[in-house]
Amino acid sequence: MLSLLRHVFSSAPILNTSKCVAHHFRSSHCNVQLKGGNLLTLKNYTAEEIKYLLWVATDLKYRIKQKGEYVPLLQGKSLAMIFEKRSTRTRLSNETGFALLGGHPCFLTTQDIHLGVNESLKDTARVLSGMTDAVLARVYCQTDLDLLAKEAKIPIVNGLSDMYHPIQILADYLTLQEHYGHLNGLTISWIGDGNNVLNSIMMSAAKFGMNLRIATPKGYEPDSAVISAAKQFSKEFGTKLFMTNEPLEAATGANVLVTDTWVSMGQEEEKKKRLKDFNGYQITMQTGKVASPDWTFLHCLPRKPEEVDDAVFYSPKSLVFPEAENRKWTVMAVMVALLTDYIPQLPKPTF
């Protein structure tokens with residue numbers, strides 16, 4: 001009998017328990033699969049997909065920054081970084097983050113690559129698909145990104161366009177999650193221009209159960225299609241969306257006060273008019289007096305004093321520098337999610 005049992009167990013297939021556990025973990029806790037996809041806008045990302053990106057960012061930050069681990073998830077991978085617009089945070093976060101994960105980032109300016117000028121976007125997409133594993137493009141026109149994504153065979157990531165800035169918003173949400181311990185139930189107040197950063201907040205905040213209160217000067221409201229989509233998301237997720245032209249009205253009861261530049265790159269000729277139109281939109285401690293007692297401040301940087309005064313910007317209420325650092329961890333999460341099947345080691349946070 002003993003010899004029979006030995007024969008049975010010796011001939012039985014050996015199970016790879018680590019793979020079984022990993023499969024069970026993904027099936028039980030992570031039904032998200034983003035590998036091979038694009039990140040052009042958060043509009044078409046589900047709540048669970050965005051949460052997964054924040055979960056991965058939290059996990060990577062803990063493993064690499066806190067525990068000092070080497071996590072070469074992108075070893076052997078290369079990233080083409082196309083920059084039609086300069087940026088300190090976008091370039092540094094992507095270059096250092098991709099390299100930290102073992103990959104090789106390639107920085108391309110308008111002196112290296114002219115999208116749709118010397119070579120068609122279609123051809124560029126196909127060339128990059130054969131030489132790199134992903135493209136991050138910081139461009140003037142969202143339509144260029146859409147065409148790149150259509151023609152490329154590799155993931156395309158929006159590093160900023162005229163319509164959206166999704167990687168900035170992921171950093172904002174990670175920062176708020178770290179500070180408050182949750183996102184659900186928070187009220188965000190946007191006071192400023194109806195620009196690409198606001199558009200990205202409007203396409204995603206409701207998915208976390210966050211309310212939005214928006215103040216823009218007349219004539220600077222967000223795109224009508226974005227407003228329409230935001231109203232639908234608000235209805236779907238049971239949140240509140242409020243729009244006004246009065247900054248203090250938008251700030252009332254808010255947990256988070258957010259603004260951005262009033263004059264974006266390419267709008268320099270409008271500066272004098274814009275500064276006049278945005279008079280009264282500077283965020284100060286007076287703005288904070290009508291907000292929730294636990295209010296905090298965010299700004300994607302670089303900041304100008306007319307947008308927010310020093311008293312707020314350098315106060316304990318300001319989260320702008322953790323927010324800037326989190327650009328790195330969140331874009332690392334995006335690249336890992338689009339290029340691998342990574343399963344976070346930390347438990348999934350409660351958002």
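FYI, side chains are in, hydrogens and waters are out, and symmetry mates aren't considered; it's all heavy atoms of this structure.
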Are side-chain heavy atoms of [X] and [Y] found at a separation under 4.5 Å?
X: Arg327; Y: Ile167; answer: yes
X: Lys65; Y: Lys328; answer: no
X: Thr296; Y: Thr175; answer: no

Between Arg274 and Glu306 (salt bridge meaning N to carboxylate O under 4.0 Å), is one present in this structure?
no
What pairs with Lys289 under salt bridge (Lys or Arg N to Asp or Glu O under 4.0 Å), at least two apart in sequence or on another chain?
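Once residues adjacent in sequence are excluded, Lys289 has no partner under the salt bridge (Lys or Arg N to Asp or Glu O under 4.0 Å) criterion.
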Please determine whether side-chain hydrogen bond (donor to acceptor under 3.5 Å, both in side chains) holds for the pair Tyr220 and Asp277, giving the CA-CA distance in whole Å, both sets of side-chain angles, and the decisive distance to 0.1 Å.
CA-CA 9 Å; Tyr220 293 89; Asp277 292 344; 2.6 Å; yes
Run through Leu174, Val197, Ile50, Asn196 and flag the one making a side chain to side chain contact (heavy atoms under 4.5 Å, CB included) with Ile169.
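Looking at Leu174, Val197, Ile50, Asn196, the match for Ile169 under the side chain to side chain contact (heavy atoms under 4.5 Å, CB included) is Val197.
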Keeping the roles fixed (side chain from Thr287, backbone from Thr284), state whether a donor-acceptor pair exists under 3.5 Å.
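Here the side-chain-to-backbone pair exists.
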Minimum heavy-atom distance between [X] and [Y], given as atom pair plus value:
X: Tyr180; Y: Asn255; value: OH-O, 2.8 Å
X: Glu49; Y: Thr46; value: OE1-N, 2.9 Å
X: Asn38; Y: Ile156; value: OD1-N, 2.8 Å
X: Trp190; Y: Ala250; value: O-CB, 4.4 Å
X: Pro222; Y: Ile227; value: O-CD1, 3.5 Å
X: His165; Y: Ser200; value: N-OG, 2.8 Å

Phe297 and His299 aromatic ring geometry - parallel, tilted or perpendicular at 30°/60° bounds
tilted
Plane angle bin for Phe278 and Trp262 - parallel if under 30°, tilted between 30 and 60°, otherwise perpendicular:
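Correct class here is parallel.
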Is Leu160 reachable from Met202 through a run of hydrophobic residues whose side-chain heavy atoms are each under 4.5 Å from the next?
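Met202 does not cluster with Leu160.
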When rounded to the nearest 0.5 angstrom, what is the spacing between CG in Asn211 and CZ in Phe242?
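Those atoms lie 12.5 Å apart.
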Asn326 and Glu178 side chains, donor-acceptor separation under 3.5 Å
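Their side chains do contain a donor-acceptor pair, which is all the 3.5 Å distance test asks for.
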Test side-chain hydrogen bond (donor to acceptor under 3.5 Å, both in side chains) on Glu307 and Thr259 and set out the steps.
CA-CA 7 Å; Glu307 299 152 6; Thr259 193; over 6 Å; no
Under the criterion salt bridge (charged side-chain N to carboxylate O under 4.0 Å, His left out), I'd like the reasoning laid out for Glu48 against Lys348: C-alpha separation, chi angles, the key distance, then a yes or no.
CA-CA 11 Å; Glu48 288 307 311; Lys348 185 177 181 180; 2.6 Å; yes
Six-ring centre of Phe233, Lys207 cation under 6.0 angstrom, axis tolerance 45°:
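Verdict for Phe233: a cation-pi partner in Lys207.
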Would you verify whether the NZ or CZ of Arg303 falls within 45 degrees of the ring axis of Phe313 while also being under 6.0 Å from that six-membered ring's centre?
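Verdict for Phe313: a cation-pi partner in Arg303.
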Hey, is NZ on Lys43 packed in by over 12 heavy atoms from elsewhere, all under 6.0 Å?
no
